[in-house]
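Data first, discussion second: the structure below is written as structure tokens.
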Amino acid sequence: MLSLQSRAFRGTFVVQHFWSLFVENVRVRFAPSPTGFFHIGNAKTALYNWLIARHCGGTFILRLEDTDVERSKEEYAEVLFDCLTWLGLDWDEGPAFKHIPEKGDYGPYRQSQRMHLYRREAQRLLDEGKAYKCFCTKEELDAERERAAAEKRPPRYSGVCKKLTPDQIHAKGNAPYVIRFRVPDGVTVIDDIIQGTVRTENKEFDDFVIIKPNGDPIFHLAVVVDDGLMKITHVVRGDDHLTNTTRHVMLFEALGYQAPQFAHMPLVHDEKGQKYSKRMHGANVLDWRNDGYLPETLINYLALLGWTPEDGTELLTRDDLVKKFSLDRAGASASRFDLKKVQWLNGQHIRMLGVEDLRDRLIPRLQAAGLDTTAKSTEWLTRMTAICQEKIKTLNEIVTYTDFFFSEPAEYEEKAVRKHWMAPDALKCMDEALDAMEQVPEWTAAALRAAYETLVERTGNSLGHYVHPTRLALTGKSVGPGLFELAELLGKETSLARMRRAIEFIGRACAPLGTTPEGQS
RNA sequence: GGCCCCGUCGUCUAACCCGGUCAGGACACAGGCCUUUCACGCCUGGAAUACGGGUUCAAAUCCCGUCGGGGUCACCA
């Protein structure tokens, strides 16, 4: 049931089980930096980690990478909290937010509160000779890099400070220094669950900085110390970190931690196949919420971006995903976001919702559009929802589907007017329809339908001949919910009034072609 | 530029590990059906193994090269 074995072994049942014996409590983490922006790629990373944890009965850890104090603000953490909550990705361990206390035994879960740990571990590396102090100034290093670029050499740190003797170091006094990791000789191998085996010569890396002059850690150190101390078993993140991972593996070894399994998933690209830039609409998870997409949809779609369940089904609930998700079926190639498919998926998920649930999600959208829903009963709103559930693709679409319930149509759709009300017998048609309406014994969709069908039988016209002009009169539009259902909800009085108003409008503005030269006034 | 990753219909993907179906599905597109519009649903159709070699009776699948895309080489994360 655990499916976290390497891609190289995928499908081998024996290994799958063998592996599951070892990884009993899977611990995965999502470690964003709070920058005030929850990127769609962040969402995918969070989702995959969450799915793994929930699928395996493991632990999902939220950790804030806020070592860059200047860029990290508390309100940004709130955005993060909001987005994760909206998506329904709950965490088992993580930092305190406003109303939520810190959870977990491996805290603190903000890197800014773990500085002492990074410094302690860096000191240990220093003591063990696995790291050294470097006194080179930024200017010197920049110059060195420029020279390398000019000579078309890869930019590497020359390693001058590597050879400093204790006396020389002592002589530097209080000069500022960074701590560099001493990259060992040899080859580092990553057995990546998604990417397969990646082997890199250590000499491809120069001795990278792990502690800044002010004593703060560099990302690489912080991540490894955290993942090591927090006993992370699987690191699942974007493949932009693949190269970094070689550094991390070296650090894991140097620090004497058990290295986790790695899985580097492809990045999500925009519809043009480019990296999602922050400016682009849709890059921000909140864009999708604002546009009326369900979190269920986003979760489903994001999961499908680079993964398919064994049975090939694509419409999946949260529970389906948890049940079926496995990293060994995750692909390695980058994928682009397809708006059309998200829309389709959203329509499917809207249809799967309970009608009350959908109603409650719709009401805020109506209110946001300035429509007063408070005048309507809950029962009425439920019925309104029911007649639209099959139609809408996004929550926001409810506004154009139902605004006429809340206010008199401000105008009639021009194209529809030309098509239905300019005909020579438009007035006659509307009169007949109004008459039929007035005759219905009770104001129900069924009775209205029956009345129209009787009318059709009597006149020999098609049902559409009467339905379309009526719809235009009641809603001002040519598209919307089923006519009889909408009329029932609209009420007899309002419906009849709108019919009369339309007939008056036709008489005034829609004189049939040929009667007046211009055809309109 | 060095190193690393990726490359199947327009898009997401299945089949690749372990070579053998007319390369399957979904979205989108086109046509049709249903229908009071829209939507839903159903049917039909067009649509892909980046290129070039090699191995083999047989290659999307294994190997090499080319090209294309991406990542990474910070006192950012």
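Below, chain A is the first sequence line, B the second, and so on; all start at residue 1.
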Nearest-Å distance for atom pair CD/P, residues E390(A) and rU37(B): 15 Å
Base rC75(B) to side chain K138(A), donor-acceptor N/O within 3.5 Å cut-off: no
Identified pairing partner of rU66(B), criterion: Watson-Crick or G-U wobble below 3.5 Å: rA50(B)
Partner nucleotide, any strand, of rA30(B) [Watson-Crick/G-U, under 3.5 Å]: rU44(B)
Base-pairing mate for rC73(B) - Watson-Crick or G-U, with both contacts under 3.5 Å: rG1(B)
Student check: side-chain heavy atoms of D227(A) and H248(A) closer than 4.5 Å: no
Euclidean distance for P, rG65(B) against rG20(B) (whole angstrom): 25 Å
Shortest side-chain distance from H241(A), nucleotide among rG41(B), rA77(B), rC6(B): rA77(B)
Span that lies between the C1' atom of rG69(B) and that of rG31(B), in whole angstrom: 36 Å
Closest to the V479(A) side chain, choosing from rC38(B), rA14(B), rU72(B): rC38(B)
Pair assignment for rA15(B), Watson-Crick or G-U wobble, requiring both distances under 3.5 Å: none
D226(A) versus Y118(A), side-chain donor and acceptor atoms under 3.5 Å: yes
Residue matched to rU21(B) through Watson-Crick or wobble contacts both under 3.5 angstrom: none
Residue matched to rU61(B) through Watson-Crick or wobble contacts both under 3.5 angstrom: none
Whether W307(A) and F325(A) hold their rings parallel, tilted or perpendicular, with breakpoints at 30° and 60°: tilted
Position toward the 5' end of RNA chain B (nearest nucleotide), K393(A) or Y301(A): Y301(A)
Watson-Crick or G-U wobble partner of rU35(B), both distances under 3.5 Å: none
rU37(B) OP1/OP2 closer than 4.0 Å to side-chain N/O of K415(A): no
Validation row: F30(A), L47(A) side chains within 4.5 angstrom (heavy atoms): no
Rounded distance in Å between the C1' positions of rG10(B) and rA48(B): 10 Å
rG25(B) to rC64(B) separation - P atoms, rounded to the nearest Å: 33 Å
Parallel, tilted or perpendicular, as decided by the 30° and 60° cut-offs, for the rings of F208(A) and F181(A): tilted
Pairwise C1' distance, rC34(B) and rC51(B) [rounded to whole Å]: 47 Å
Base paired to rU56(B) (Watson-Crick or G-U; both N/O distances under 3.5 angstrom): none
Parallel, tilted or perpendicular: ring planes of H39(A) versus F37(A), cut at 30 and 60 degrees: tilted
Residue H468(A), side-chain heavy atoms: nucleotide from rC76(B), rU37(B), rC6(B) that is nearest: rU37(B)
Toward the 5' end of RNA chain B, by each residue's nearest nucleotide, F205(A) or R199(A): R199(A)
Same-atom distance (C1') from rC62(B) to rA15(B), integer angstrom: 16 Å
Separation between the C1' atoms of rU11(B) and rG46(B), rounded to whole Å: 16 Å
Contacting residues from residues 335-346 of chain A, given that a heavy atom lies under 4.0 angstrom of RNA chain B: S335(A), R336(A), D338(A), K340(A), K341(A), W344(A)
Per F219(A) side chain, nearest of listed nucleotides rC75(B), rU37(B), rA77(B): rA77(B)
Short side-chain N/O contact to rC3(B) OP1/OP2 from K203(A), under 4.0 Å: no
P atoms of rC63(B) and rC18(B), separation to the nearest Å: 10 Å
Step-by-step side-chain hydrogen bond (donor to acceptor under 3.5 Å, both in side chains) determination, H234(A) to N49(A): CA-CA 9 Å; H234(A) 298 80; N49(A) 279 285; over 6 Å; no
Contact under 4.0 Å: T200(A) side-chain N or O vs rC4(B) OP1/OP2: no
Short side-chain donor-acceptor distance under 3.5 Å, T459(A) and Y466(A): yes
Spacing between L302(A) atom CG and rU13(B) atom P, to the nearest angstrom: 12 Å
